[in-house]
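Because the structure is a prediction, the values reported are computed rather than measured.
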Amino acid sequence: MNRTRLGSALRELRQASGKEAKAVARSAVMSASKLSKIETGKVSPTVVDVDRILTAIGVSDDVKAEYMGAARAEATEATAWRLIRRLGYHRKQQQIKALDDSTKLLRLFQPSLVPGLLQTPEYVRAVFARRGLTEEQLSRVVAARLARQQSLYDTTKTLRFVITEPVLRWRLVSAAMMAGQLDRIISVSRLPHVDIRIVPLAAPQSDVPGHSFVIRDDRTVTVETVHAEVVVTDPRDVEIYVRKFDGFADMAYFGDEMRSLVEKILDEFLREQEIV
């Protein structure tokens, strides 16, 4: 059941119950306008929205279980990278920028790459050069990703990054460029509304990294897998990612301790460059 079908099915249930839209909206703690948009498929309801609407309508437990199952299935959406490539990676970066612009609290966990918001131009180019783009396409996506970094300087936001130490050592670019990339991380970490933490290899761990993910305002989680980007909106699933993020954040270095670790690795790259 897709968004449109779920919305129309909820409208049919409400009409069958004989309840007016305004009364249902009031009981569901939402505006009548939002309920109308959900019923017409213009807005995707969250799992919480569907639960409140069904409760307000007064359906049976069996009907509620059926519709809640459909809502949870709709709450996870996967888009294959081949489709994103067809759209254009630069347009995808523009879409992400729009999400970043509307996000007040961003939490990003990254065990594989330097987060996009922290990447230098050379690092961005290396990330997308693996995808077989033309020079024009590559230049456009690099520019689009760098444009996203404007949000780093928006002091109305809180940006939190948790990165594992191997990310700082993974050689997508030369030693000299990696040194520049690490210097960039140190510089951004000094912004008062930006919190960058590094999970050190030396620290005992009770969890495993898995994959990267971004949490936006406790509303959505974006997960990058090998074949697709997965967007999660079910509050129960979002909470799983929040707990995972907090667990690694608690074990990570931050502040001066974090910067000391990054500077140590940076110096290793500089010494290697001198030897070469």
Looking at [Y] and [X], is any side-chain nitrogen of the basic one under 4.0 Å from a carboxylate oxygen of the acidic one?
X    : Y    : result
K157 : D100 : no
R197 : D195 : yes
R140 : E135 : no
R271 : D267 : no
R26  : E20  : no

If you count heavy atoms of other groups shown closer than 6.0 angstrom to [atom1] of [X], is the number above 12?
X   : atom1 : answer
R82 : CZ    : no
K22 : NZ    : no
D61 : CG    : no

Determine, stepwise, if the pair Q110 / S112 fulfils side chain to side chain contact (heavy atoms under 4.5 Å, CB included). CA-CA 6 Å; Q110 182 55 269; S112 306; 3.3 Å; yes
Under the criterion side-chain hydrogen bond (donor to acceptor under 3.5 Å, both in side chains), I'd like the reasoning laid out for S189 against R259: C-alpha separation, chi angles, the key distance, then a yes or no. CA-CA 8 Å; S189 75; R259 284 186 280 270; 3.0 Å; yes
Relative to the ring of F245, is the ring of F213 parallel (under 30°), tilted (30 to 60°) or perpendicular (over 60°)? perpendicular
Students often mix this up, so state it plainly: with edges at 30° and 60°, are the rings of Y241 and H211 parallel, tilted or perpendicular? tilted
Step by step, work out the side-chain hydrogen bond (donor to acceptor under 3.5 Å, both in side chains) result for R145 and Q94. CA-CA 8 Å; R145 171 157 287 187; Q94 292 167 352; over 6 Å; no
Under the side chain to side chain contact (heavy atoms under 4.5 Å, CB included) criterion, do M30 and I53 qualify, and how do the steps go? CA-CA 9 Å; M30 66 176 63; I53 291 170; 3.9 Å; yes
Consider only side-chain heavy atoms of I, L, V, M, F, W and Y, link residues closer than 4.5 Å, and tell whether V188 and V162 are in one cluster. no
Cationic tip of R86 above W81 ring, under 6.0 Å, 45° of axis: no
